[in-house]
Amino acid sequence: MRVGLTGGIASGKSTVSAILAELGAVVIDADQIARQVVAKGTPGLAAVVEAFGPEILTAEGEMDRAAVGAIVFADAGRRKVLEGIVHPLVFERYAELEAAADPDAVVVHDIPLLAEGGRADTFDAVVVVDVPVETQVERMLRERGMSREDAEARIAAQATREQRRAIATYVIDNTGTLEDLHQRVVEVFEGLVTGARPA
């Protein structure tokens, strides 16, 4: 069972991902893999340095994520170059992890930008963690110390709630307590295991 898990920034997707792992799902984290494939000493990092120059390295020889971020957010062409290096490496690693999972496992692909990437239809089910935009903003101000302007810009750069909900097999509302969230994730996981469609 291949499941796509997504949600906007500060929606609580990482918490849902952790609960799914506790329940026995095999969770494959896109962000984590994207960091691993350009870690120090990898062919991925060598390719990024070749494309962007040695100035994107820290003194320790790691990729300076902030420096690369500043380049690619300002220039769509450069972003495409970076994606052309990183995405194939990420998909290769995905395939390896998926192949290693038990054939009966629920394999959850934790993908922040699933709605933006247009690959929702490649999964058996899509789980969307959903909160109102104002909740996202409040959490980013409170938990990440961002300015309102910064928070709103990050949210605006992602798909809208409506776009995410449009690809959802299951929607997990994360405006209640942690207990409410846990209970809803258990319901969704049971639905995924039994193959039941949501009501």
Side-chain angles (χ1 to χ4, degrees), residues 1-37 83 86-133 135-137 139-140 143-144 151 154-199:
M1 180 76 175
R2 298 178 71 252
V3 180
L5 170 67
T6 195
I9 188 168
S11 62
K13 181 179 59 62
S14 302
T15 307
V16 170
S17 181
I19 296 169
L20 285 167
E22 278 169 28
L23 294 171
V26 175
V27 176
I28 299 175
D29 183 327
D31 279 353
Q32 198 176 20
I33 293 172
R35 283 192 291 274
Q36 289 168 355
V37 299
E83 288 170 352
V86 176
H87 288 182
L89 296 170
V90 169
F91 289 128
E92 197 178 297
R93 184 74 185 117
Y94 266 176
E96 288 167 11
L97 291 168
E98 206 165 63
D102 186 290
D104 298 328
V106 172
V107 180
V108 176
H109 292 261
D110 180 336
I111 305 176
L113 304 179
L114 182 60
E116 294 83 341
R119 292 184 37 252
D121 59 354
T122 65
F123 294 97
D124 300 317
V126 173
V127 176
V128 172
V129 186
D130 184 56
V131 294
V133 169
T135 304
Q136 288 177 277
V137 171
R139 286 177 182 171
M140 289 160 80
E143 296 163 18
R144 304 185 188 193
R154 291 287 184 93
I155 292 165
Q158 294 187 335
T160 64
R161 278 181 85 185
E162 292 70 32
Q163 287 168 324
R164 274 192 296 272
R165 291 176 74 103
I167 64 167
T169 314
Y170 296 91
V171 174
I172 294 178
D173 177 296
N174 188 18
T175 53
T177 64
L178 190 55
E179 202 172 86
D180 296 337
L181 179 65
H182 197 279
Q183 190 178 336
R184 177 65 181 136
V185 176
V186 169
E187 283 169 16
V188 168
F189 185 70
E190 283 169 0
L192 292 169
V193 170
T194 61
R197 301 317 272 173

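No hydrogens, no waters, no symmetry mates; every other heavy atom, side chains included, goes into these values.
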* Test side-chain contact (heavy atoms from CB on, under 4.5 Å) applied to V16 and L5, V108, N174, the passing residue -> L5
* Given I28, which of I111, L97, V90 fulfils the side-chain contact (heavy atoms from CB on, under 4.5 Å) condition? -> L97
* Is there any salt bridge (charged side-chain N to carboxylate O under 4.0 Å, His left out) pair reaching into residues 94-107, and which pairs are they, with sequence neighbours excluded? -> R2-E98, R93-E96
* Asked: Going by the salt bridge (charged side-chain N to carboxylate O under 4.0 Å, His left out) test, which pairs reach into residues 113-122, not counting sequence neighbours?
  -> none
* Asked: Which residue pairs pass the side chain to side chain donor-acceptor pair (under 3.5 Å) test with at least one member in residues 4-16, sequence neighbours excluded?
  -> K13-D110
For the student: nearest non-hydrogen atoms of [X] and [Y], plus distance:
X    : Y    : answer
S17  : V27  : OG-CG1, 3.2 Å
F189 : G24  : CZ-C, 4.3 Å
A168 : V128 : CB-CG2, 3.5 Å
V193 : V106 : CG2-CG2, 3.9 Å
A101 : V107 : CB-CG2, 3.8 Å
A10  : V131 : O-CG2, 4.4 Å

* To do: Return yes when atom CD of E143 has more than 12 non-hydrogen atoms of other residues, nucleotides or ligands closer than 6.0 Å, and no otherwise.
  => yes
* Salt bridge D130-R165, side-chain N to carboxylate O under 4.0 Å -> yes
* Kindly write out the residues that satisfy salt bridge (Lys or Arg N to Asp or Glu O under 4.0 Å) with R139, not counting sequence neighbours, or none if the list is empty. => none
* To do: Tell me, please, which residues at least two apart from D29 pass salt bridge (Lys or Arg N to Asp or Glu O under 4.0 Å).
  => none
Got [X] and [Y] here, is their nearest side-chain heavy-atom distance under 4.5 Å?
X    : Y    : value
D31  : P112 : yes
R144 : R154 : no
D173 : V171 : no

* To do: Sequence neighbours left out, what passes ring-ring contact (aromatic ring centres under 6.0 Å, His included) with F123? Give chain and number order.
  => H109
* Asked: Taking atom CD of E92 and atom CD1 of I33, what is their separation to the nearest 0.5 Å?
  -> 11.5 Å
* When you measure from the side chain of Q158 to the backbone N and O of I9, does any donor-acceptor pair fall under 3.5 Å? -> yes
